[in-house]
Every structure is written in structure tokens, then in C-alpha cells.
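Below you'll find the structure, written out as C-alpha cells, and then a few comments.
Keep in mind that what you see is a predicted model, and the values were worked out from it rather than measured. We name chains A, B, ... by the order of the sequence lines, and we start the count at 1 in each one.
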2 protein chains.
Amino acid sequence: MTVTQSEAVANGAIATRARPAAERTCAAPSVHPRPAGRDRYTISEVAEHTGLSAHTLRWYERIGLMPHVDRTHTGQRRFTNRDLDWLSLVTKLRLTGMPVADMVRYAELVRVGESTFSERERLLTAHREDVRRRIAELQSTLDILDYKIDIYADARRASERF
Amino acid sequence: MTVTQSEAVANGAIATRARPAAERTCAAPSVHPRPAGRDRYTISEVAEHTGLSAHTLRWYERIGLMPHVDRTHTGQRRFTNRDLDWLSLVTKLRLTGMPVADMVRYAELVRVGESTFSERERLLTAHREDVRRRIAELQSTLDILDYKIDIYADARRASERF
DNA sequence: CGCTTGCTTGGAGTGCACTCCAACTCTCTA
DNA sequence: TAGAGAGTTGGAGTGCACTCCAAGCAAGCG
């Protein structure tokens, strides 16, 4: 369920090389385009948009992973485009296995303001190293999988020849 | 703790491109070289060797993730080189996020014998797709991280100039 | 012989990241 | 104004993958 977004991401197949800088954006292009001119979304709209459940969105807020979310006079949440941008970063980081605790830490730093730039840089740099490690790891497993699958495929082809 | 092995893997930095086939081996070169001529290891030796805890090794056996492990006359486990090979595959698959349940399924198929080749092929192929998806995902997050880190680094350099 | 070290077991406990529940309020449409 | 449907809360429950515990056995050493 949480993985919905990743499938869209993967459509570009194995594109492992870094894309040119011009193509990089902060808020990743999302599956459900944002209705223009709106800036107040209900929790279920955001759930639909991000692929996260309403439960999870409330939980994220409870644990301090969201900046302050607006409320109507009766206490219902109204998310803004800024919130969607933030969630898009958060889901990205989540998909790459950053622990929720680390993301909460990052969110706290963002709340504090510019004085935390260098610590934020450190945090993200550490995570980037982690992601690079994981890519290398996955790549090496891919080689093993190729090898094993080849063996099974060869066996199948051999048995099909008769 | 379980990640010990991955760090060795990552030493080759970002090497995301597929390596030549000649370099691919089934049993990955391990951190602790196997003492030659031995073929009976205690659980703690195997723990040391694989980076898994003795607890985890016992648990793997309990849930059916290990082929039958030899015992001494007093009931202590003695692992063989074959077991180490198997564990090296298992840890690889684990590090790439294959669920334990799927690995148990695979282990069952291996136990049954050659008649399950095609299903094993299917299982591994599905996982390979998964791994490819994940690599693409990680890569796209890497781009976002680069972008964000650049911003923080620029801010830092700007403030350092005075 | 006593002590330490290492192994055995089933079952209970842990940490993470949700996920759901009960009981309630609010909004909207007929 | 009634009723459906969507929202609210704190707290409990779930699933995964370990991780630990208690109680006990076995081998080696001084």
C-alpha cells in the first residue's frame, strides 16, 4: 500500500545513471497531479495523493514528522501544498529506508530554522552514504540473481529440447 | 549488527554498473576467509563468520530456512561449508529485502529437488524485478539528496566567506 | 570437585512502522 | 431534520524479524 508511489518511479526501468541536474527537482513529480489553485486538502485527499493512509498521516503528525498542520474551526485538518511537498520528501526518504526517528530529527531541525543548516547537511550526507551503500549491495545481489536464474533457465531450456 | 557484511560490500563505492560476468560468483567472497580443510563449525564460529547472531541462526533453523544441520552426539550443531554457502545466499537476499517467508518458500523448494526448478526460477525472477525497482528508487532519491545537500553546502560556503 | 564457557530448548520480549478500534463530532445531501 | 459519510482522539493491536531469557546439559581446566 505504501509502495504505490515507488511503482511509478520504477517505470523508467533500471536507469541507474545520475540524471542531469536540470532534471532534478525538489518536489518529485507525483502520480496524481495537484489541482491548481487549491491549497486546502482534507486528510483523505492527501491520503489519495500521497499513497499514505489517513492513519499514517495522523500518526506522522503525532510523532512530530509534520510541520504544524492547519485546522478548520471545527478541528479538521486542512493540508497545504507545502505539506504535500514535505510529504513527498518524506515518502522518498522512507522508501530509501531512512528510519522514522531520523526523519523526525530532520523535521525538528527544519522547525528550528536556518541555524541548523549544517546539521541538516550532515544528516542528509550520512543518509546519502547509506543509500550509495545500499545501491552497491543491491547491484551485487543482482549479479548473484542473474547467475542463479541463468542456471535454472538453462535447465529448463535443456528439458524443453526433448 | 546484521549489516556487518554489507559494509564490506560497499567498499567499492558507487559501482552501480553491472560487473562483467567473469567476476560473478555464487558464494560471495566473505569477510572472514574459511579455514581450509575444515567442514564442521560450531554455531558461534558460524555467527562470527556470517555476521548473524547465534540466536538468529537457531531461529532460521526453527522456521525452516536452513537445510538440515548436523549435530554432535550430544546435540550440538555442526555447520558445514555447504551450510555456509547457503547462509551466504540467504544473507544476500535478506540484505536486499526479500521477506523471510519468501526465503523459507525457496528453501522448501530446494529441499524438494529438481522438480521445482521452474518455480525457483520464477521466485528469483520476481525478486530480481523487485531489486531493480529498488535500485531505480534509490537512484532517484540520490538525486534529491544531492540537490538538497548542495543547497545546504552552498549556504555554508556563503556564510564561511566572511 | 567446582568453576567457567559454550551449547541446548521453548517461549516471551523488543523495536519499528504502521494499522485499527471505539466512541465521538462534524458536514453534506435529500 | 434525519441519516450517511468523513473527520477526530488516545490507546490498543499487528506483523515482521529478530533478540533475549531461564533453566539446564556437556566439556575442559586447576
Open item on the list: If I take atom CD in residue Glu48(B) and atom P in nucleotide dC7(C), what distance separates them, rounded to the nearest angstrom?
Closed with: 12 Å
- [ ] Check Asp83(B) against Met66(B) and note the closest heavy-atom contact, atom names and distance.
- [x] CB-CE, 4.1 Å
Open item on the list: Taking only side-chain N and O atoms of Ser53(B), does any of them lie within less than 4.0 angstrom of OP1 or OP2 on dC18(D)?
Closed with: no
Task: Minimum side-chain heavy-atom gap Leu52(A)-Val90(A) below 4.5 Å - done: no
Open item on the list: If you compare every side-chain N and O of Tyr60(A) against the phosphate oxygens of dA17(C) (OP1, OP2), does one of them come in below 4.0 Å?
Closed with: no
- [ ] Can you spot which of Ile149(B), Ile144(B), Ile151(B) makes a side chain to side chain contact (heavy atoms under 4.5 Å, CB included) with Tyr147(B)?
- [x] Ile151(B)
TODO: Check Glu121(A) against Ala153(B) and note the closest heavy-atom contact, atom names and distance.
DONE: OE2-CB, 3.7 Å
Task: Side chains of Thr72(B) and Arg40(B) in contact at under 4.5 Å (non-hydrogen atoms) - done: yes
Open item on the list: I need the CH2-P distance between Trp59(A) and dG13(D), as an integer number of Å.
Closed with: 18 Å
Task: Pair listing, ring-ring contact (aromatic ring centres under 6.0 Å, His included) test, anchored in residues 115-139 of chain A, at least two apart - done: Phe117(A)-Tyr152(B)
Open item on the list: On the nucleotide dG10(D), are OP1 or OP2 found under 4.0 Å from the side-chain N or O atoms that Arg58(A) carries?
Closed with: no
Open item on the list: What is the separation between atom CG on Leu93(A) and atom P on dA17(C), rounded to the nearest whole Å?
Closed with: 13 Å
Task: Closest approach of Leu65(A) to Trp86(A) (non-hydrogen atoms, all atoms of both residues) - done: O-NE1, 2.6 Å
- [ ] Let me know, please, whether His55(A) or Gly97(A) comes out on the 5' side of the other along DNA chain C by nearest nucleotide.
- [x] Gly97(A)
Open item on the list: Just the rounded figure in Å: distance from C1' of dG6(C) to CZ of Arg40(B).
Closed with: 16 Å
Open item on the list: Tell me the interatomic distance from Glu61(A), atom CD, to dG7(D), atom P, rounded to whole angstroms.
Closed with: 14 Å
Task: Candidate nucleotides dG10(C), dC7(C), dG7(D), ranked by approach to the side chain of Thr42(A) - the nearest - done: dG7(D)
TODO: Mind running a 4.0 Å heavy-atom check of residues 66-79 of chain A against DNA chain D and sending the residues that fall below it, in number order?
DONE: Arg71(A), Gly75(A), Gln76(A), Arg77(A)
Open item on the list: Without decimals, in angstroms, what is the distance between Arg62(A) CZ and dA12(D) C1'?
Closed with: 11 Å
Task: Interatomic distance where CD1 belongs to Ile63(B) and P belongs to dG11(C) [whole Å] - done: 17 Å
TODO: Send over the distance from Ile43(B) CD1 to dA26(D) P, rounded to a whole Å.
DONE: 18 Å
